[in-house]
Colleague: 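Can you keep this structure in mind? I'll have questions shortly.
Just so it is clear: chains get the letters A, B, ... in the order the sequence lines come, proteins before strands, and each one is counted from 1.
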Number of protein chains: 2
Amino acid sequence: MPKRSYGQYCGLARALDVVGGRWSLLIVRELLVGPARYSELLAGLPGIATNLLAQRLRELEEAGVVQRMLDTESNGVAYMLTPWGVELRGAVGALVNWSTPLMITGPRGDAFRGHWLVVAVDSLLQHRRFQESATVGLAVDDTIVTVRVDETGARVELCGDAEPDTVFRGDPAVVLGLASGMLTVDQAMAGGELTGRREDLAAAFG
Amino acid sequence: MPKRSYGQYCGLARALDVVGGRWSLLIVRELLVGPARYSELLAGLPGIATNLLAQRLRELEEAGVVQRMLDTESNGVAYMLTPWGVELRGAVGALVNWSTPLMITGPRGDAFRGHWLVVAVDSLLQHRRFQESATVGLAVDDTIVTVRVDETGARVELCGDAEPDTVFRGDPAVVLGLASGMLTVDQAMAGGELTGRREDLAAAFG
DNA sequence: CCGCATCCTCATGGATACTG
DNA sequence: CAGTATCCATGAGGATGCGG
């Protein structure tokens, strides 16, 4: 009955009242990539229980972070972020950037989904500047993400129909190392993990 | 046995593995103002259970976010953020900014501590620009915070011995409204809640 | 006092089965 | 497919105790 709140007149506390629950921000992460069906959310959130996903979606919808929409393809429901929900990108990105040390040294064998790179690489490239413009594809497992940089900044998205002309295949850690600047292009390509034109990669992660 | 982890190779998930637990980020908020004793943390975190505070401090220390130090005054222990912990300021600030709508419309009667304004006002002023420089004091309850702005940005801190020459006394909501830009100086002073030289206030929250 | 540890109770989270 | 229902494990909140 009484939904648990911190009961503090403090911005951080009130924010956590809404998105501080377990799995809540991870659901937001999924929806930052784009609208998704319930089953897609389940697939993108390995480990979540079905009842929890349903409950969290209800809470986030009630709070005004998430809204339901009609999936025109299947005539079913899909979930998407409200404009206010999209504004969580900054907070999510800050946490992603902060966690870089944890991504380098942490445990192996964790679950991974290629589309997580969309939010992560975007955040990591956000505070970097680029002289040249470049568009490269990054293939991890069966997902291809497009990284497009120019003088105005970086944009990362899931690859749709139009594949970029240069696609690199590699390990998630290598991709994140490049994006965070912990790994140089030379180091990343040395292991032969990444294939393609070196100068394209250097421009995208310069 | 196994500390609860999301088990995802994702920056956000790994960050939440460390600071996603209940109360964790609020503890960080307290320490962003400065080092604090255990009892001070308890006072700044109304609602937390004593055992939880002890457990969270242990976890955060083990993760490298918090470190113990010697309190030279009392020869007791004090807690402070590590350099990596301080870097959470960006994420905390992003959540504070995001929560602005919740601070305007939310429930009344929540607990409040004056020093919470240090982190909040600092975050809210961070993305704003100022033509003139100004230093004003904001008094809420028995806490006075100093807001100092100039062309290079804003800095907010707890008022020590040297009180600023102009001190405004007001309601937390009015102060936050000013800092977020939701409230103009005229509106804030109209109710007579804030007293002092209007031009000083206008410069600090322009 | 201050800094916790213990104990107890109940709310929350997790796993799985089940249903419209 | 999109969730509920159920049941068990874990975690949080509150009071109290206790050593330094």
Colleague: Give the residues of residues 15-27 of chain B touching DNA chain D, defined as any heavy atom closer than 4.0 Å, sorted by residue number.
Modeller: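 Those residues whose heavy atoms fall under 4.0 Å from DNA chain D, taken from residues 15-27 of chain B in numerical order, are B/Arg22, B/Trp23.
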
Colleague: For a quick check under 3.5 Å, do A/Asp17 and A/Ser5 share a side-chain donor-acceptor pair by atom type?
Modeller: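 Yes, because at least one side-chain N or O of A/Asp17 sits under 3.5 Å from a partner of the opposite role on A/Ser5.
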
Colleague: Under the criterion side-chain hydrogen bond (donor to acceptor under 3.5 Å, both in side chains), I'd like the reasoning laid out for A/Thr184 against A/Asp186: C-alpha separation, chi angles, the key distance, then a yes or no.
Modeller: CA-CA 5 Å; A/Thr184 67; A/Asp186 283 347; 5.3 Å; no

Colleague: Just by distance, no angles: are the side chains of A/Thr143 and A/Asp141 close enough, under 3.5 Å, to form a donor-acceptor pair?
Modeller: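 There is no such pair (donor and acceptor under 3.5 Å, judged by atom type) between the side chains of A/Thr143 and A/Asp141.
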
Colleague: Please tell me if B/Arg4 has a side-chain N or O lying less than 4.0 Å from either OP1 or OP2 of D/dA9.
Modeller: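 No, because none of the side-chain N or O atoms of B/Arg4 sits under 4.0 Å from OP1 or OP2 of D/dA9.
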
Colleague: Around A/Arg155, counting heavy atoms of other residues, nucleotides and ligands shown, do more than 12 lie under 6.0 Å from its CZ?
Modeller: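 Incorrect, the count does not exceed 12.
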
Colleague: Can you give the dot-bracket line for DNA chain D, where a pair is Watson-Crick or G-U wobble with both atom distances under 3.5 Å, crossing pairs use [ ], and | marks a partner on another strand?
Modeller: .|||||||||||||||||||

Colleague: A/Gln8: which residues meet the side chain to side chain donor-acceptor pair (under 3.5 Å) condition with it, sequence neighbours left out?
Modeller: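 Here the qualifying residues are B/Arg29.
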
Colleague: For A/Tyr6 and A/Gly76, find the nucleotide of DNA chain D closest to each by heavy atoms; which residue's nucleotide sits nearer the 5' end?
Modeller: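 Of the two residues, A/Gly76 wins.
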
Colleague: Kindly indicate whether a cation-pi arrangement holds for B/Arg22 with A/Tyr6, taking the cut-offs as under 6.0 Å to the six-membered ring centre and within 45° of the axis.
Modeller: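 Verdict for A/Tyr6: a cation-pi partner in B/Arg22.
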
Colleague: Figure out the CD/C1' separation between B/Glu59 and D/dG11, and round it to whole Å.
Modeller: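 Going from CD in B/Glu59 over to C1' in D/dG11 covers 11 Å.
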
Colleague: Rounded to whole Å, please give me the gap between CG in A/Leu57 and C1' in D/dC1.
Modeller: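 From A/Leu57 CG to D/dC1 C1': 15 Å.
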
Colleague: Restricting to pairs with a member in residues 59-68 of chain B, which pass salt bridge (Lys or Arg N to Asp or Glu O under 4.0 Å), not counting sequence neighbours?
Modeller: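 The answer is B/Arg56-B/Glu59, B/Glu61-B/Arg68.
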
Colleague: With sequence neighbours left out, what residues match B/Arg197 under side chain to side chain donor-acceptor pair (under 3.5 Å)?
Modeller: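 Residues passing side chain to side chain donor-acceptor pair (under 3.5 Å) with B/Arg197: B/Asp200.
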
Colleague: Using OP1 and OP2 only, check whether a side-chain N or O of B/Tyr79 sits under 4.0 Å from C/dC4.
Modeller: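 For C/dC4, OP1 or OP2 has a side-chain N or O of B/Tyr79 closer than 4.0 Å.
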
Colleague: Could you state the interatomic distance from CD (B/Gln55) to CH2 (B/Trp23), rounded to the nearest 0.5 Å?
Modeller: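 If we round to the nearest 0.5 Å, B/Gln55:CD and B/Trp23:CH2 are 14.0 Å apart.
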
Colleague: Given D/dT4, C/dC4, D/dG3, identify the nucleotide with an atom nearest to the side chain of B/Tyr38.
Modeller: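 The closest nucleotide is C/dC4.
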
Colleague: Output the residues of residues 42-56 of chain A in contact with DNA chain D, where contact means a heavy atom of the residue under 4.0 Å from an atom of the strand; sort by number or write none.
Modeller: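 When residues 42-56 of chain A is checked for heavy atoms under 4.0 Å from DNA chain D, the hits, listed by number, are A/Thr50, A/Asn51, A/Ala54.
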
Colleague: Give the rounded distance in Å between these two atoms: CD of B/Glu73 and C1' of C/dC1.
Modeller: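 In whole Å, C/dC1 C1' and B/Glu73 CD are 17 Å from each other.
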
Colleague: Between B/Asp110 and A/Tyr9, which heavy-atom pair has the shortest distance, and what is it?
Modeller: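 Shortest heavy-atom contact: CB-N, 3.4 Å.
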
Colleague: Does the pair A/Ser123 and A/Arg89 meet the rule for a side-chain hydrogen bond (donor to acceptor under 3.5 Å, both in side chains), with working shown?
Modeller: CA-CA 9 Å; A/Ser123 302; A/Arg89 186 183 298 271; over 6 Å; no

